[in-house]
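Below: one structure, written as structure tokens.
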Amino acid sequence: MSGTKRKPICAFGGLLALAVITAPLSSPYAYAAMAAGQAQLAKLMDGYRRPADIPAPPDNPITPAKVALGKALFFDPRLSGSGVISCASCHNPSLGWQDGLAKGVGDHGSQLARRTPTILNLAWSAPLFWDGRAATLEEQAKVPMAAGDEMNKPHDQVVAQVKAIPGYRAAFATAYPGEDVNIDTIAKAIATYERTVISGRSPFDEWLGGEEAAISASAKQGFVLFNTTAKCASCHSGWRFTDDGFHDIGLAGDDPGRGRIMPKIAVLDHAFKTPTLRNVADRSPYMHDGSMRTLEEVVDHYDHGFIKRPSLADQIKPLGLSAQDKADLLAFMRTLSSHDDTVVAPTLPH
Ligand code: HEC
Ligand code: HEC
């Protein structure tokens, strides 16, 4: 996002509303109002600063050897029944760690029930899956290998395959000395690699860091809207822009989502995990069912397009956004893209 010629102060227009300040700009109170607005903005911005360290479970700390091993496994199609599908076939780094499809396609062309989500920034995320059915990355990683419609290879065959490759035996001995090569260590290595898949610094982060020209006045206004009138931040909160919670945002379809796991809680019917918005403009389609192709469609959905039903989240109400408001929200979301270096597929062990 290029800089703007408008003076930064213009961007605080929305904050006047935020601070419930009604003094006209010509009044003597305008400067005090502006200062109050700036203090509010600074407080909001503080909620989005990137963390310094990557969290990891105590029994699986991150080491370079584990990351390299996990990366090889993530990209290795020999972990699938047909020998042609790897984790990276669906979570493709050049497609924002998704697959560009409305619904994932697995071994033998089987279509999955839901869209492939990105794996960006999951070190901080739990539980996993659209419906939260896996508690940890380690637990999650075991599921697609054995799932008939995904990689379609039973765990014992995955383990036998990996053990038969001398390069993997050596890599496991270095990464997990004293531990067996089994489905748990395979999952631990994959999870460790996933923890290092992190979106880089974006123009939004540069702005948080004090570079006023890093994002446009429209994007700044969009950030304020996102946090106030449009209520987006009540779910898309924190530096990853997700509360890791489950909400029904009123999409059509009969997938119960989290409701299948916790059927007694009425608001979890049609509820899905809030996705991260980091790099969101660099991938598509959107939503658990891949039903939206553009961010414009997403904003229209929140403005007025949702289905009303008992489980619909309280925050989802008609927003009455103007064309300018929508443009501002979109400009803001586009500042979250980091345009990271291309991920190079590893040389697989043999
Ligand atoms: C055939 C396509 C496909 C393959 C292969 C695949 N995935 Fe996925 N992945 C998906 C889909 C679809 C979902 C969402 C399923 C759901 O939530 O019900 C998903 C969900 C995930 C999630 C949860 C993300 C979140 O935000 O909660 C992680 C992590 C993940 N996959 C990692 C992996 C790993 C590791 C592998 C390889 C061992 C893998 N996937 C293989 C399609 C695939
Ligand atoms: C009540 C919580 C909540 C609120 C409020 C909310 N979202 Fe969401 N958002 C979600 C959930 C949950 C999903 C995934 C829904 C699904 O797939 O069923 C989602 C999906 C999205 C997606 C698609 C991301 C992807 O990878 O598929 C975008 C973009 C988005 N929201 C932006 C916004 C914006 C902009 C606003 C404010 C106008 C907003 N959200 C308000 C919870 C919320």
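Every number for a ligand or one of its atoms is a count from 1 in the order of the listing. The analysis underlying the following values was restricted to heavy atoms, covering all of them including side chains, and did not include hydrogens, waters or symmetry mates.
Neither the backbone nor the side chain of L79 comes within 4.0 Å of ligand 1, counting heavy atoms alone. At a heavy-atom cutoff of 4.0 Å, ligand 1 is contacted by the side chain of P144 but not by its backbone. Only the side chain of Q140 comes within 4.0 Å of ligand 1, counting heavy atoms alone; its backbone N, CA, C and O stay farther away. Of the heavy atoms in S234, only side-chain atoms (C-beta onward) come closer than 4.0 Å to ligand 2. With a 4.0 Å cut-off on non-hydrogen atoms, K231 touches ligand 2 through its backbone and not its side chain. Under 4.0 angstrom from ligand 1, the non-hydrogen atoms of I190 all belong to its side chain. Within the 4.0 Å heavy-atom criterion, neither part of D314 lies near ligand 2. In L73, neither the side chain nor the backbone holds a heavy atom less than 4.0 Å from any atom of ligand 1. Here L112 has side-chain heavy atoms under 4.0 Å from ligand 1, and that is the only part of it that gets that close. Residue S86 touches ligand 1 through its backbone alone, judged by heavy-atom distances below 4.0 Å. Only the side chain of M151 comes within 4.0 Å of ligand 1, judged by heavy-atom distances. If you look at F272 next to ligand 2, the close heavy atoms, those under 4.0 Å, come from the backbone and the side chain alike.
In the vicinity of L128, heavy-atom distances shorter than 4.0 Å reach the ligand 1 atoms 25 (C), 27 (O). Heavy-atom proximity to L122, at under 4.0 Å, picks out these atoms of ligand 1: 24 (C), 26 (O), 29 (C). Interface of R115 with ligand 1, defined as ligand atoms under 4.0 Å from a residue heavy atom, comprises 12 (C), 14 (C). The ligand atoms of ligand 1 that sit less than 4.0 angstrom from a heavy atom of E150 are 3 (C), 4 (C), 6 (C), 7 (N), 10 (C), 42 (C), 43 (C). Near I85, meaning under 4.0 Å from one of its heavy atoms, ligand 1 places the atoms 5 (C). Counting the atoms of ligand 2 from 1 in the order shown, those under 4.0 Å from a heavy atom of H288 are 16 (C), 17 (O), 18 (O).
For L295, the heavy-atom gap to ligand 2 drops under 4.0 angstrom. Remark: distances from the non-hydrogen atoms of A141 to ligand 1 include one below 4.0 Å. Residue contacts with ligand 2: H270 is excluded, as none of its non-hydrogen atoms falls under 4.0 Å. Contact between S89 and ligand 1 is absent, with no heavy atom of the residue lying under 4.0 Å from the ligand. Using a 4.0 Å heavy-atom cutoff, E194 is listed among the residues neighbouring ligand 1. Within the structure, the closest approach of R133 to ligand 1 falls below 4.0 Å when heavy atoms are considered. Residue-ligand proximity: G106 is placed with a non-hydrogen atom under 4.0 Å from ligand 1. At a 4.0 Å cut-off, not a single heavy atom of M292 sits close enough to ligand 2 to count as contact.
When only modelled atom types and interatomic distance are considered, D328 and S218 share a side-chain donor-acceptor pair under 3.5 Å. Looking only at atom types and distance, the side chain of D99 has no donor-acceptor partner in the side chain of S89 under 3.5 Å away. Side chains of D269 and S311: no donor on one and acceptor on the other come within 3.5 Å.
K273 places a side-chain N or O within donor-acceptor distance of the main-chain N or O of P127, the cut-off being under 3.5 Å. In this structure, the side chain of D282 does not engage the main chain of G96 through any donor-acceptor pair within 3.5 Å. At distances below 3.5 Å, not a single donor-acceptor pair connects side-chain atoms of R283 with backbone N or O atoms of L95.
For a threshold of 3.5 Å applied to N or O pairs, the pair formed by K273 and ligand 1 contains at least one separation below that value. Residue-to-ligand polar distances keep Q98 apart from ligand 2: every N/O pair is separated by 3.5 Å or more. Not a single N or O atom of T118, backbone or side chain, sits closer than 3.5 Å to an N or O atom of ligand 1. Between V280 and ligand 2, no N or O atom pair is found at a separation short of 3.5 Å.
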For T192 and N60, what are the C-alpha separation, side-chain angles and deciding distance, and is it a side chain to side chain donor-acceptor pair (under 3.5 Å)? CA-CA 8 Å; T192 302; N60 192 21; 3.2 Å; yes

Test log, rule side chain to side chain donor-acceptor pair (under 3.5 Å), inputs D244 and S125: CA-CA 6 Å; D244 291 317; S125 181; 3.1 Å; yes

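Residue C90 holds the heavy atom nearest to atom 4 (C) of ligand 1 of all those in P77, C90, G70, A88.
Taking the side chain as every heavy atom from C-beta outward, D59 and E138 never approach each other to under 4.5 Å. In this structure, V67 and P64 have side chains that are not in contact, with every pair of non-hydrogen atoms separated by 4.5 Å or more.
In this structure, atom 36 (C) of ligand 2 lies nearest to the protein heavy atom C232 SG, 2.7 Å.
When each of K231, K317, K326 is paired with D303, the salt bridge (charged side-chain N to carboxylate O under 4.0 Å, His left out) condition holds for K326 and for no other.
Residue T274: no N/O/S atom is found under 2.8 Å from atom 8 (Fe) of ligand 2. Backbone or side-chain N, O or S atoms of H91 reach atom 8 (Fe) of ligand 1 at under 2.8 Å.
The aromatic rings of F241 and Y48 sit parallel to each other, their planes meeting at less than 30°, with 60° as the upper class boundary. F223 and F204 have tilted rings, their planes meeting at an angle from 30° to 60° on a 0 to 90° scale.
To the nearest 0.5 Å, the span separating CG on D300 from OG1 on T294 amounts to 8.0 Å.
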